[in-house]
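Because the structure is a prediction, the values reported are computed rather than measured.
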Amino acid sequence: MFATPDWTAARKALARWYRGAQRDLPWRRTSEPYPIWVSEVMLQQTRVAAALPYYVRFLERFPTVEALAEAPEQELLSVWSGLGYYSRARNMQKAARQVVALGGFPRTFEGLRALAGIGDYTAAALASICFGLPHAVLDGNVMRVLARLLADPGDVTSPTTRRRLAAAAQEFLHRRHPAEHNQAIMELGALVCLPREPDCPRCPLRPHCHAHAEGRAREFPVKLRKQEKVEVALTVFVVERAGKLLLWQRPEGGGRMAGFWELPSADSLPGAGAHEVLRRFRHTITHQVHDVCVRRASIARAPRGFTWVALARLREMPLSTIARKALGERP
DNA sequence: GACTCGTGGGA
DNA sequence: TTCCCAAGAGT
């Protein structure tokens with residue numbers, strides 16, 4: 001269907017490039033499963049720059065898989081607070097308990113894949129980076145690099161295209177150096193084969209790239225799906241009394257941002273006497289754009305479901321980012 | 001297969 | 001400002 005690249009020459013060029021160009025990142029200074037796992041989960045749909053400070057703090061607070069397994073959930077969530085995709089944190093604790101019960105990390109792809117929150121990508125990443133097993137990763141970077149290399153016109157959000165690219169990734173994999181190869185192709189996607197502006201002149205795979213040969217690198221990968229945004233107006237109240245703030249906690253069982261603390265909203269606290277507007281801001285969660293208005297308010301007594309929380313304790317609680325912004329904190 | 005889940009940064 | 005997106009996984 002498409003011209004097949006010279007995989008042997010391409011993987012050699014990629015390896016040479018990676019040896020000179022790779023960034024010095026903390027999780028690249030070890031091959032221990034625990035810290036690598038933490039980094040892989042944090043980096044899911046998250047940029048390196050955003051994850052870095054969280055990574056350092058997380059490992060200080062939970063230096064071992066045992067420490068994570070035993071951590072109080074509120075403490076775990078408060079460390080993760082601000083990073084997003086909070087089910088990642090809850091799944092990590094589930095997985096940590098699975099690992100402790102097993103007596104250590106599984107050393108096979110299938111074993112890793114069976115842990116909570118570990119899908120095909122993370123299982124392949126851990127299997128290759130920690131244990132040298134020949135499993136190719138397929139993430140957004142790899143899909144972009146391969147879609148361009150092959151000038152694959154398929155929609156990368158479709159499973160059919162993903163299967164085809166996964167097969168290509170496995171064929172491309174350097175079977176004797178899977179750890180370096182997997183990180184190299186992702187690093188290429190992150191530093192050179194960029195989504196909007198591919199830096200083809202600096203790309204070691206340029207001689208092998210079908211899309212570049214046709215002058216169409218920026219036309220790949222093809223993505224069809226786009227979701228519509230919905231506007232949501234939200235008024236939240238800052239109700240303060242004697243150094244305490246009125247908050248409510250989302251149910252811990254599940255759902256979006258389970259266990260997180262929120263400010264009262266105009267809907268949930270109808271009896272409040274609303275005063276001046278403290279600030280306004282916009283905050284997007286997935287496809288919902290919240291137009292948030294923050295007002296000071298007062299109330300006779302805390303209604304059912306609300307809790308007075310000492311301001312000094314806020315720092316150690318998982319506060320939603322909307323609440324943080326509403327209080328004027330840096331998210 | 002389609003949807004949902006967060007957030008911050010860059011073009 | 002708005003849009004797209006970044007080392008995905010679960011339902």
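Here the P atom of nucleotide B:dG9 and the CG atom of A:Leu52 are 13 Å apart, to the nearest Å. Distance, A:Lys223 NZ to C:dC3 C1': 13 Å, rounded to whole Å. We find that OH of A:Tyr85 is positioned 10 Å from C1' of C:dC5, with the value rounded to whole Å. For the pair A:Glu228 CD and B:dT4 C1', the interatomic distance rounds to 17 Å; values are reported in whole Å. Between A:His287 atom NE2 and C:dC3 atom C1' there is a gap of 16 Å when expressed in whole angstrom units. Distance A:Lys229 NZ to B:dG6 C1': 11 Å, rounded to the nearest Å.
Here the shortest heavy-atom pairing between A:Tyr55 and A:Ser39 reads CE1-CB, 3.7 Å. When all heavy atoms are compared, the tightest approach of A:Leu43 to A:Ala51 is CD2-CB, 3.9 Å. Between A:Ile185 and A:Asn182, the shortest heavy-atom distance links the atoms CG2-O, 3.3 Å.
Residues satisfying the salt bridge (Lys or Arg N to Asp or Glu O under 4.0 Å) criterion with A:Arg250, sequence neighbours excluded, are A:Glu262.
Closest to the side chain of A:Lys325, out of B:dC5, B:dG8, C:dA6, is B:dG8. Candidate nucleotides B:dG8, C:dC4, C:dC5 were compared by shortest atom distance to the side chain of A:His283, and B:dG8 ranks first. For A:Thr284, the side-chain atoms get nearest to B:dT7 when compared with the rest of C:dC5, B:dT7, B:dG1. When distances run from any side-chain atom of A:Thr160 to the nucleotides B:dG1, C:dC4, B:dG6, the shortest one goes to B:dG1. Of the candidate nucleotides C:dG8, B:dG9, B:dG10, C:dG8 has the atom nearest to the side chain of A:Asp139.
Heavy-atom nearest nucleotides on DNA chain B were determined for A:Glu197 and for A:Thr157, and the one closer to the 5' end corresponds to A:Thr157. Comparing A:Arg47 and A:Gly140 against DNA chain C, the residue whose closest nucleotide sits nearer the 5' end is A:Arg47. Positionally, the nearest nucleotide of DNA chain B for A:Pro159 lies more toward the 5' end than for the other of A:Pro159 and A:Ser87.
A:Tyr86 has a side-chain polar atom (N or O) that falls below the 4.0 Å cut-off from OP1 or OP2 of B:dT7.
Note on A:Arg28: a base of the nucleic acid sits closer than 4.0 angstrom, heavy atoms only.
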Considering only nitrogen or oxygen atoms on both sides, find all protein atoms under 3.5 Å from nucleotides 9-11 of chain C and state each distance.
from	atom 1	to	atom 2	distance (Å)
C:dA9	OP1	A:Gly119	N	3.0
C:dA9	OP1	A:Thr122	N	3.0
C:dA9	OP1	A:Thr122	OG1	2.5
C:dA9	OP2	A:Tyr121	N	3.2
C:dG10	OP1	A:Gly117	N	2.5

### Message
Is there a salt bridge (charged side-chain N to carboxylate O under 4.0 Å, His left out) between A:Asp291 and A:Arg280? Walk through the geometry before answering.
### Response
CA-CA 8 Å; A:Asp291 202 343; A:Arg280 291 175 176 278; 5.2 Å; no
### Task
Begin from the C-alpha positions of A:Arg11 and A:Glu171 and carry the test salt bridge (charged side-chain N to carboxylate O under 4.0 Å, His left out) through to its verdict.
CA-CA 10 Å; A:Arg11 74 171 64 94; A:Glu171 197 174 349; over 6 Å; no
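The one candidate from A:Ile299, A:Leu263, A:Val238, A:Thr307 that meets the side chain to side chain contact (heavy atoms under 4.5 Å, CB included) condition with A:Leu246 is A:Ile299.
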